Visitor: 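Dropping a structure here in structure tokens format, bear with me for questions.
Computed from a predicted model, the values in this text were never measured in an experiment. Residue indices begin at 1 and follow the sequence shown. As the structure lists them, so they are numbered: ligands from 1, and atoms in each ligand from 1.
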Amino acid sequence: MRILISHLHGDHVFGLPGMLHSLSFMGRSRELEIIGPKGIVELVTSVNRVVTLYNRFPISIREVKPGQSIKDEEYNIRVAAAQHGIPCLAYTIEEKPRAGKFDAAKARRLGVPEGPLWKQLQSGESVRVGRRRILSKLVLGPPRRGVKITYAVDTRPCASVIRLASGSDLLIHDSCFAEAAATKAREYGHSTAGEAAGVAKRSRSRTLALFHISAMYEDASPLLAEAKRVYHRSILPRDMETIPVVA
Ligand SMILES: [Zn+2]
Ligand SMILES: [Zn+2]
């Protein structure tokens with residue numbers, strides 16, 4: 001439903017026209033929202049003007065700034081400044097708190113028959129059974145906190161990302177280089193694996209996914225080892241790997 005773009009370097013946007021093209025040919029009809037820094041509107045509209053590839057579904061494009069947030073019924077997306085030489089955004093996606101766990105046995109004990117009344121209770125409404133009024137809080141546990149995921153790529157380790165990422169269940173952080181190439185990381189506005197781990201630790205994020213590893217590392221396991229020395233809950237995901245995230 002949404003694509004979040006961090007910044008307008010080629011490796012972060014050249015895939016977008018191809019992806020829009022593929023989605024169109026796969027028969028997508030649903031609207032897609034693209035969110036990104038200043039310039040993203042011009043990029044998408046100018047490619048579309050010249051090539052006219054993806055006009056089969058509506059696209060809305062929105063330029064955002066650090067400090068902004070985008071809310072809908074399910075999620076709150078917050079935007080912060082990354083530190084990368086050109087304007088670059090980091091994003092946090094927070095799921096809104098979910099209703100507490102429904103206690104089916106208790107609902108039965110209270111004489112509420114299974115069916116639409118259960119649904120009402122689960123959504124927080126009270127229901128009537130005969131003359132009695134049953135409050136949803138009697139059958140619902142405490143509200144459950146939603147999942148929080150932070151994406152900070154490309155960036156140097158920085159205070160605004162640490163603040164944004166505070167308490168994330170998953171932090172996806174720039175981890176372009178190993179310690180031996182720390183100068184390069186500084187020069188190009190990237191982070192070493194150890195620096196990414198430092199951000200995970202200081203933001204008290206639960207899991208760190210090392211991301212945007214430089215192509216110069218055929219085997220990135222030394223980067224994982226470096227990160228783990230600083231923060232043991234670091235992982236090195238493969239492309240297209242699915243990572244389960246629970247709050
Ligand atoms: Zn970049
Ligand atoms: Zn990049």
Visitor: Do you know which of Asp174, Leu210, Val153 makes side chain to side chain contact (heavy atoms under 4.5 Å, CB included) with Ser191?
Guide: Asp174
Visitor: Is the ring pair His9/His7 parallel, tilted or perpendicular, if the boundaries are 30 and 60 degrees?
Guide: perpendicular
Visitor: Is the Zn ion (ligand 2) under 2.8 Å from any N, O or S atom of His190?
Guide: no
Visitor: Please say whether more than 12 non-hydrogen atoms of neighbouring residues, nucleotides or ligands are located less than 6.0 Å from CD in Glu31.
Guide: yes
Visitor: Need the atom name: nearest N/O/S atom of His7 to the Zn ion (ligand 1).
Guide: NE2
Visitor: Measure from the Zn ion (ligand 1) to every N/O/S atom of Asp154 and report the name of the nearest one.
Guide: OD2
Visitor: Specify which N/O/S atom of Asp11 comes nearest to the Zn ion (ligand 2), by atom name.
Guide: OD2
Visitor: Is there an N/O/S atom in Asp174 at a distance below 2.8 Å from the Zn ion (ligand 2)?
Guide: no
Visitor: Among the N, O or S atoms of His9, which one sits nearest to the Zn ion (ligand 1)?
Guide: ND1
Visitor: Any N/O/S atom, backbone or side chain, of His84 lying under 2.8 Å from the Zn ion (ligand 1)?
Guide: yes
Visitor: Considering residues, nucleotides and ligands other than Tyr188, do more than 12 of their heavy atoms fall under 6.0 Å from its OH?
Guide: no
Visitor: Can you tell which of Ile134, Val129, Leu135 makes a side chain to side chain contact (heavy atoms under 4.5 Å, CB included) with Leu110?
Guide: Ile134
Visitor: Nearest N/O/S atom of His212 with respect to the Zn ion (ligand 2), by atom name, please.
Guide: NE2
Visitor: Once the angle between the rings of His12 and His212 is folded into 0 to 90°, is it parallel (under 30°), tilted (30 to 60°) or perpendicular (over 60°)?
Guide: parallel
